[in-house]
Amino acid sequence: MTAAREYAMGEVVLSARDVAKSFGNIHALKGVNFDVHKGQVTTLFGENGAGKSTLMKILSGVMKPTSGEIILDGEPVTFASSTDARDRGVSIIHQELSLAPNLSVRDNIFMGREIKGRAGGIDYAEEERQTRLLMEELEEDIDPLTMVEDLRLGQQQIVEIARALSVNSRILIMDEPTSALSASEVEVLFSVIHDLKSRGVSIVYISHHLEEALQITDHAVVLRDGSMTARAPRSEIDLEWIVHNMVGEGFDLGSPPVGHTMGEAALSIENLCVPDKVNPERLLVDKVSIDVKAGEIVCIYGLMGAGRTELMECVAGRLQETSGTIRLNGREMNGLSIAGRIAEGLVLVPEDRQRDGLVQTMSVGQNLSLASIGAFTKGLFTSKKREGDIVTGSIRNVHIKTDGGEAPITSLSGGNQQKVVIGKMLATEPKAVLLDEPSRGIDIGAKAEVFRLLAEGAKRGLAVLFTTSEVGECLSIAHRIIVMRRGTIAAEFGPDTTKEAIMAASGESKAAA
Amino acid sequence: MSDIGASRKVAIPGLTDGRFDIARILLEGRAFFALIAIIIVFSILSPVYFSVNNFLIMSSHVAIFGLLAIGMLLVILTGGIDLSVGSVLALAGVVAGALMQGVAFESLGFTAYPPVWVVAILTCLVGAFVGLVNGVLIAFFKVPAFVATLGLLYVARGVALLMTNGLTYNNLGGREALGNTGFDWLGFNRLFGIPIGVIVLAVVAVIAMLILKRTAFGRWIYSTGGNARAAELSGVPVRGVTIAVYVLSGICSAIAGLVLSSQLTSAGPTAGQTYELTAIAAVVVGGAALSGGRGRVGGTLLGAFVIGFLADGLVIIGVSTYWQTVFTGAVIVLAVLLNSIQYRSGGRKPSGSGTPPSPQAKAKE
């Protein structure tokens, strides 16, 4: 599918040849070919989990590929580490900036490779001079002695770029550089990128903001499920082409369950506001109201930073709301602890299953029964038999492929681990279940199974509210699709809407914005 | 995050060939085999080491460390640490000593002599209170466990010194006429030939085992240490669990203080210095992970016996105390080294990446 077709335009400086990467049984990349052209911007498009970040990490030496090779200036290379890659001219600027906020701009730029002075100390004057020079080149008015924590995010990004340039990077990989920037900061960044191009620096760019990326890119490469689905120069493509290749025809993730009667609003969220922890003035969730009926499946779609996770965590009781009410079957949930809400029947399947979902030191069975210990405790002691019943019941109900409850949780594949987290919460016999990106990092087959489970739950009268950042998933089992954007509800659709309409409402493409 | 895939090697039996199994048995049972080795070596080196009586004497020494170590295990399982146990032990001894001298109610003009069982309970309450302070500081005020318990290490020791003005209570016997005799029972008497201190340790160990294996609270302890965020989202009262383990550790220290002062027939404010380190060492030698979530009572007991039997053996064969310190330290380092081998996630290479891939030992899909 990915025959190496060289473009006439631009010499290829860095390329990946049949690069594959597996984590155990999960194939994050399945033989990808990728070229970076000298002095041009190559943008990598793809949904979450398509393999973009993995590919970037391989190109920048953070990870090693399972198979395939990296070719730098026509020579196959193996990067020992990201430092090694940087020494050879390939730098990556991560989404989360890697600056030390307590140090000055100068100290950050020369961190780890300080210029030695005569007496064995650091030649601060020379470092400062070079920093000033870099800032002039980037046409940014940032004083080298400013503390990084005093800079705006956009300026911090410039400092990162300056640091990459200071080691003579010829290839700069930028992972979602605009996600935290304001519109004017984006413009500054783009002019810097134009400038870099004219100096022969090649750029690999990743962004979820498709239109923004189209403004700046010279080449587009689209990844889907670890494979490259398309590539073309800018002149041959448009937004539709990208969306089409990103989401593809798709795998059938099911359709909204029908034939059961929906009850009253089971979960009712009203005017909920959740503030930013760092800056309480800013609302991450801004007056959001959502009703989910018993038996209904509602999907929330939104970009990163749209406030989906914060909404979910607040409803589940982890984050404190500033105003608004949360009701379950008419009972107010505000003020209840997480445990209290679980007891009432309101449960959350968190977004990051390694960080928030699983206890890695425990077995599959202990993980499955963790949220329902009360159900198998008689008096002081737990009942092994009743716990066993719950565990085997869960393993059967959510179709976990495991050697049994005794197997360590880490022996399962990502999809089965996710089913354990879902099974754990379903074992508490909830009335409403919240799932934050339930399909994150699991393969398509497991995704379909997870969605089938949710559809089955809805048929039994469960209220289901799930989030996703993959537009294809909105159009599967959900009866209603709510699009969130910057903390507010931007639009609401029925199941018969289109991917394009959803993406437009989310701000991914500015056409309808 | 590097220990995610950890328990895998342990819990999938029968996947490896016979030779590797032996290595694994040796690795997993290392505390047990170390104890056997210590007993064999010292029995060869000294004619008096291998006798029932010597084992009982050594065991009553181990009882002190064992009691501290069990409390410490509960704390370490939640991912915390309790540095205050040695000081709490001394404070408990001093409180018991003071109570045995009688509590004077000056305004009423009489002195109360509480019976020994009341003294024991009050002493345990003191231990529980110190633990409560530790727990609240850690769970609610987010003070790092290391710092909070280090502070209480000083405070408890200081209070013990203040109470006695630095002196030692030597008269713990009580008087028949006052009805408060029997304090020496804990340290000197034997039941079926076994020192009471050892029996106390056994009872506490059984209770701890039941808590960890058979109660919801025990499961909460393991899940809090394994992944506190996930535990909280599953409805585990993580803060309550944290406070409870420090309270239990305080009570264990108080019991150890009672047993020790009874054994010594004196209660001094300088008792038990550096015992917290011995207790941590016993837990670690017993195979528990300092990062939390992994460890067993049985292992911790073995760890306490390894350290106790080694120390006493060195005394018996007449090795200088300086060398004893060196040996004990070496054993602890070796134990931690072996722990890290056991808990290392098999074939996965440590990568510099901040985002660990979901570890797939033996995926089934």
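Because only heavy atoms are used, hydrogens play no part in the values below, and waters and symmetry mates are left out as well, while side chains stay in. Quick note on labels: first sequence line is chain A, next is B, and so on, each numbered from 1.
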*Asks:* Kindly check if the number of other-residue, nucleotide or ligand heavy atoms within 6.0 Å of CZ (A/F381) is above 12?
*Replies:* yes
*Asks:* Is the closest side-chain heavy-atom distance between A/T361 and B/Y222 below 4.5 Å?
*Replies:* no
*Asks:* Would you say the side-chain atoms of B/R214 pair up with the backbone N or O of A/T382, donor to acceptor, closer than 3.5 Å?
*Replies:* yes
*Asks:* If you count heavy-atom pairs under 4.5 Å with chain B, which of A/L358, A/V349, A/T377 comes out on top?
*Replies:* A/L358
*Asks:* If you count heavy atoms of other groups shown closer than 6.0 angstrom to NZ of A/K385, is the number above 12?
*Replies:* no
*Asks:* Would you check if the side chain of B/N227 reaches a backbone N or O of A/R355 as a donor-acceptor pair within less than 3.5 Å?
*Replies:* yes
*Asks:* Quick one: CZ on B/R229 to CD on A/Q354, what's the gap to the nearest 0.5 Å?
*Replies:* 13.0 Å
*Asks:* So which heavy atom on B/A230 is nearest to which on A/K424, and how close?
*Replies:* O-NZ, 4.3 Å
*Asks:* Taking every non-hydrogen pair under 4.5 Å, which of B/A228, B/G293, B/G235 racks up the most with chain A?
*Replies:* B/G235
*Asks:* Write down the atom of A/I373, the atom of B/A216, and the distance for their closest heavy-atom approach.
*Replies:* CG2-CB, 3.1 Å
*Asks:* Let's test your reading of the structure: which of B/T224, B/L210, B/L233 forms the most heavy-atom pairs below 4.5 Å with chain A?
*Replies:* B/L233
*Asks:* Measure A/S372 against the heavy atoms of chain B and call it side chain, backbone, both or neither at under 4.5 Å.
*Replies:* neither
*Asks:* Heavy atoms only, distances under 4.5 angstrom: which of A/M425, A/R318, A/R341 has the most pairs with chain B? Name it, please.
*Replies:* A/R318
*Asks:* Answer yes or no: is there an ion pair linking B/R219 with A/E387, defined by an N-O contact shorter than 4.0 Å?
*Replies:* yes
*Asks:* Any chance CZ of B/F33 has more than 12 other-residue heavy atoms, nucleotides or ligands included, within less than 6.0 Å?
*Replies:* yes
*Asks:* Rounded to the nearest 0.5 Å, how far apart are OG of B/S234 and CD1 of A/I338?
*Replies:* 9.0 Å
